[in-house]
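See structure below.
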Amino acid sequence: MASGTFRTPKGTSDVLPEDHQYQTYIKKAVRHRCRQAGFKRIDPPIFEKTSVFERGIGQHTDIVEKELFLVKSHHTDEGEPEEFALRPEFTAGICRSYIEHGMKQLPQPVELYSIGPCFRHDRPQKGRYRQFHQFDLEVIGLHDASLDAQLIHVINKIFKDLRIYDRLTMQLNNIGTAQNRKDFVAALKDYFIGKERNLPELDRTRLETNPLRLLDSKEEDTQILLKNAPTLDQFIDDESKQYHETLKEYLDALGATYEENPYLVRGLDYYNQTVFEYWDNDTGGKNAVGGGGRYDPLIEMLGGEPTPGVGFAGGMERIIYQMKQAGVQAPHKDQIDIFVAQLGPEAKKMCLLLISQLRDLGIHTLGALGEASLKSQMRLADKFQAKYTLLLGQMEVKAGTIILRDMAAGKQQEIAFKEAVPTIVKLLGEDSLDTYTLNDKFEEEE
Ligand code: AMP
């Protein structure tokens with residue numbers, strides 16, 4: 001175990017280089033599939049006024065009631081006595097942005113995606129962290145089941161690209177309108193009159209504040225009581241039912257598979273009609289890999305004109321876990337091609353330029369520019385797993401040569417110094433060079 005005084009805060013972790021290989025791979029798949037489907041990137045701030053989340057997500061949801069990280073500052077700007085909170089998810093912030101920037105004026109639907117960290121002060125456990133990373137897709141401005149179907153299809157493609165689609169089952173439900181749920185909740189409350197004492201304490205509170213949450217309660221006592229309780233589907237209006245049937249037809253047409261789950265409600269207040277989650281086939285709903293749904297009332301709840309929307313968020317850490325379980329290796333470009341070793345002031349100067357030239361050609365190059373012996377520089381080259389080493393000592397400088405060593409074969413040869421770069425390019429192959437121009441690699445944004 002490493003020493004030192006400081007540790008990352010509970011529930012957070014450093015995204016180390018090997019984790020970035022996976023994150024970069026996921027981001028690439030997300031960007032690629034999003035661009036193909038006309039989505040544009042947006043990055044709302046990492047913190048917002050707390051009221052954006054309170055109004056957007058719902059005051060009596062776990063996320064807002066218990067899990068918000070409040071942001072404290074030593075100063076309060078004049079006229080700005082607001083509280084701020086770190087974003088627990090993207091949707092509320094993106095919808096705030098849609099209203100703030102008048103995106104209603106743009107051709108609809110507005111398709112936006114985002115990738116970045118989110119924060120929830122939950123009890124940390126496997127798959128549940130206080131800082132985690134989401135990618136998020138939102139389709140705002142139109143109410144049509146074909147949009148829900150298309151969104152789900154884009155997500156399916158991302159999971160297929162990442163080779164975890166077969167490990168997941170999409171759970172699908174229709175939770176109707178806010179009025180449907182209000183009627184259902186009233187009936188549920190009626191049903192529980194006189195039965196409250198049999199509910200675990202947490203669920204007794206939920207019955208008061210957010211009775212829908214009882215449906216996905218993990219408590220056995222609650223589950224038993226729910227068996228005879230009224231069910232949500234008895235309260236769904238005909239239009240929502242029709243919407244759901246149409247969505248399923250579209251999903252079938254696209255070959256998207258799903259499992260109907262009448263108990264899926266999702267934890268947030270803003271959803272209506274379509275809700276869906278991706279569960280891994282072994283552990284079910286405990287560590288959903290992603291989830292989303294339709295949120296037609298949200299933009300109005302945030303103070304905008306009534307504007308429908310549908311969205312999805314996937315959790316990167318849980319996706320990475322699934323990829324590792326499936327034995328998926330994230331391809332990466334972090335390998336070292338060339339290690340340059342040198343001895344003597346003249347050689348060192350020449351190597352500085354040589355290293356720069358190699359790098360410019362797209363060759364991943366490291367140099368030992370300290371004053372270590374050649375032997376220890378060679379050991380370093382080995383540790384960095386360089387494919388080839390170029391060695392320039394005082395003798396070689398005088399002779400106008402350089403030594404080229406094939407590290408795997410353990411063989412070396414002396415070549416003309418000016419031949420070093422073209423020889424390396426030939427050995428590595430033009431195709432493997434890591435080159436880019438700013439034009440064609442704009443996608444490398446973080
Ligand atoms: P939600 O909208 O709460 O269902 O979140 C969407 C996705 O984000 C989930 O399916 C998870 O993959 C991920 N997620 C949510 N909360 C956490 C957390 N505390 N730690 C890790 N991933 C999370």
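First listed ligand is number 1; within each ligand, the first listed atom is number 1.
- Contacts of R128 with ligand 1, taken as heavy-atom pairs under 4.0 Å, involve both backbone and side chain.
- Atom CZ of F39 is separated from atom OH of Y113 by 10.5 Å, given to the nearest 0.5 angstrom.
- For atom 10 (O) of ligand 1, the closest heavy atom belonging to the protein is A288 O, 3.0 Å.
- For E201 and R204, the salt-bridge test fails: no basic side-chain N is under 4.0 Å from an acidic carboxylate O.
- Within the structure, the closest approach of H133 to ligand 1 does not fall below 4.0 Å when heavy atoms are considered.
- The existence of a salt bridge linking E48 and R87 is excluded, since no basic side-chain nitrogen approaches an acidic carboxylate oxygen closer than 4.0 Å.
- Nearest to atom 3 (O) of ligand 1 by heavy atom, out of E89, R120, Q134, is R120.
- Across D237, T274, D148, a single residue satisfies side chain to side chain donor-acceptor pair (under 3.5 Å) together with Y243, and that is D148.
- Relative to atom 15 (C) of ligand 1, the option among F312, F132, F119 with the closest non-hydrogen atom is F132.
- Residue contacts with ligand 1 for V289 involve N, CA, C or O but no side-chain atom from C-beta outward (heavy atoms, distance under 4.0 Å).
- With a 4.0 Å cut-off on non-hydrogen atoms, Y129 touches ligand 1 through its backbone as well as its side chain.
- Taking every heavy atom of G127 and a limit of under 4.0 angstrom, the matching atoms of ligand 1 come to 20 (N), 21 (C), 22 (N).
- Interface of G290 with ligand 1, defined as ligand atoms under 4.0 Å from a residue heavy atom, comprises 10 (O).
- Residue contacts with ligand 1 do not include D122, since none of its heavy atoms lies under 4.0 Å from the ligand.
- Side-chain atoms of E138 and Y295 include a donor-acceptor pair closer than 3.5 Å.
- For Q357, the CD atom counts as densely surrounded, since its 6.0 Å shell holds more than 12 non-hydrogen atoms of other residues, nucleotides or ligands.
- The closest approach between any non-hydrogen atom of E317 and ligand 1 is not below 4.0 Å.
- Within the 4.5 Å cutoff, the side chain of D382 has no heavy atoms near those of the F339 side chain.
- Using cut-offs of 30° and 60° on the angle between ring planes, the pair F312 and F135 is tilted.
- Nearest protein neighbour of atom 13 (C) of ligand 1, counting heavy atoms only, is G315 CA, 3.7 Å.
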